[in-house]
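Nothing fancy with the numbering, it's 1 onward along the sequence.
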Amino acid sequence: MTYHILHITSPNCRLTVDKGLLFCAYKNGDAKMIAINDIKALIIATFGVSFSGSCLAKLLENNVVVLHCDDKFKPTGLSLPLERIVRQKVFYNQIARNEEFELMLWKQILKSKVSNQAKNLDLMGITGHNLYKLINRPLMNEANIARYYWQNYFKYFQNSLKREHKDAKTFENGCLNYGYAILNSLIHRSVIIHGMLAGLGIHHKGKYKSTPFVYDLMEPYRPFIDYYFYKFTNDFDEAYEFEDFKAWALYVADCIKNYRLKITDISYKIVDTIDIYVEKFADAYLNFDFSNIFMPELEKQYLHINKHRNREYAE
């Protein structure tokens with residue numbers, strides 16, 4: 001599996017490809033290279049970056065997703081491989097819209113998301129919250145749970161913060177939105193390579209320029225970004241104090257790459273669990289059977305950095 005989330009943060013550089021390698025040439029004459037097969041996502045977070053004629057095409061051929069940002073790290077667009085049909089039965093079963101099956105899928109997704117949110121509040125030392133009781137109610141009200149979660153989450157930062165989804169004015173919300181944008185791009189990439197339709201949601205409704213299926217699948221992973229931001233404010237308190245967005249961008253990418261989860265006794269990086277997670281959803285659509293779906297659990301992740309063992313390994 002690939003494992004790099006590569007940031008381009010130096011302005012006025014040029015990207016080219018040759019013999020399976022991506023080259024980045026800087027204005028001062030320096031250059032760096034990396035194997036394309038080792039890249040999962042390329043994040044352009046500066047101005048004046050140019051691609052050679054074949055560079056972008058070669059990246060997309062290798063299923064690399066390119067997230068384009070402005071010079072303030074605000075995501076502005078995605079370059080993705082073309083959609084494809086990998087397994088016809090999965091494709092047609094997704095189109096068939098089995099309502100009972102998708103309702104059960106959504107219940108599992110929502111329960112996983114709220115469980116991870118509750119655990120995140122625990123890890124942040126926020127006591128007395130009621131999320132665990134809300135999880136076990138027969139009918140969970142997602143909007144009410146979200147309001148309750150954010151009220152408790154933002155208590156940690158001792159600010160009168162509210163959740164801002166678009167055009168965030170606060171540093172905290174801008175950082176969360178950036179982390180979610182990385183998640184969105186990685187899940188969108190995986191949805192495409194597994195032959196599923198990003199525009200056909202389970203719960204979220206389709207609208208102009210939306211990818212509701214991606215939004216649905218993102219939900220259990222969102223609390224991971226919330227947790228990483230909490231960790232960032234502790235590990236890099238000075239960067240947080242001075243609202244250093246670049247430091248956060250590099251930090252969250254490292255977290256997605258270096259935190260790990262076990263799946264059937266094999267340890268995978270968070271970035272690689274996303275492919276497994278989406279593949280399990282594709283498998284579920286084969287026979288409308290969700291019994292083998294994998295749901296990421298925040299409390300079971302752990303940090304492992306070993307430069308000599310970059311890929312997945314058996315414990």
Novice: Does the side chain of Y227 pick up a donor-acceptor pair with the side chain of N116 at under 3.5 Å?
Specialist: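 Not at all, the side chains of Y227 and N116 share no donor-acceptor pair under 3.5 Å.
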Novice: Do we see a donor-acceptor contact under 3.5 Å between the side chains of K166 and N177?
Specialist: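 Distance-only check fails for K166 and N177.
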Novice: Applying side chain to side chain contact (heavy atoms under 4.5 Å, CB included), can you list everything that pairs with K280, at least two apart in sequence or on another chain?
Specialist: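 Scan of K280 (side chain to side chain contact (heavy atoms under 4.5 Å, CB included), adjacent residues dropped) gives I276, D283, F294.
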Novice: Side chains of Y277 and S190: donor-acceptor distance under 3.5 Å anywhere?
Specialist: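 There is no such pair between these side chains.
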Novice: Check the side chains of T211 and H188 for a donor-acceptor pair under 3.5 angstrom, ignoring hydrogens and angles.
Specialist: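 Short answer, no.
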Novice: Could you list all the side chain to side chain donor-acceptor pair (under 3.5 Å) pairs where at least one residue sits in residues 236-245, not counting sequence neighbours?
Specialist: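 Every pair satisfying side chain to side chain donor-acceptor pair (under 3.5 Å) with a residue in residues 236-245: E172-Y240.
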Novice: With sequence neighbours excluded, what pairs up with K58 under the salt bridge (Lys or Arg N to Asp or Glu O under 4.0 Å) test?
Specialist: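 Per chain and number, K58 pairs via salt bridge (Lys or Arg N to Asp or Glu O under 4.0 Å) with E61.
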Novice: Are side-chain N/O atoms of D254 and Y259 paired as donor and acceptor at under 3.5 Å?
Specialist: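 No.
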Novice: Between S115 and Y132, is there a side-chain donor-acceptor contact under 3.5 Å, judged purely by atom types and distance?
Specialist: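 The criterion, which ignores hydrogens and geometry beyond distance, is not satisfied for S115 and Y132.
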Novice: Please determine if D272 and K40 form a salt bridge, counting it only when a charged side-chain N lies under 4.0 Å from a carboxylate O.
Specialist: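 The answer is yes: the pair qualifies as a salt bridge.
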Novice: When the side chains of residues 124-131 are checked against the rest of the protein, which donor-acceptor pairs come out under 3.5 Å, sequence neighbours left out?
Specialist:
unit_1, atom_1, unit_2, atom_2, d
H129, ND1, L131, N, 3.3
H129, NE2, D122, OD1, 2.8

Novice: Who pairs with H194 by ring pair (Phe, Tyr, Trp, His ring centres under 6.0 Å), at least two apart in sequence or on another chain?
Specialist: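 Per chain and number, H194 pairs via ring pair (Phe, Tyr, Trp, His ring centres under 6.0 Å) with no residue.
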Novice: Is it true that E102 and R97 have a side-chain N and a carboxylate O under 4.0 angstrom from each other?
Specialist: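 So E102 pairs with R97 through a salt bridge.
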Novice: Is the closest basic N to carboxylate O distance between K113 and E142 below 4.0 Å?
Specialist: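 E142 and K113: salt-bridged.
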Novice: Under a 3.5 Å cutoff, is there a donor and acceptor pairing between the side chains of N120 and Y228?
Specialist: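 No donor-acceptor contact under 3.5 Å links the two side chains.
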Novice: Considering residues at least two apart in sequence or located in another chain, which fulfil the side chain to side chain contact (heavy atoms under 4.5 Å, CB included) criterion with E99?
Specialist: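 For E99, no residue satisfies side chain to side chain contact (heavy atoms under 4.5 Å, CB included) once neighbours in sequence are set aside.
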Novice: Going by atom types alone, do N28 and D30 pair a side-chain donor with an acceptor below 3.5 Å?
Specialist: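 Yes - a donor-acceptor pair under 3.5 Å links their side chains.
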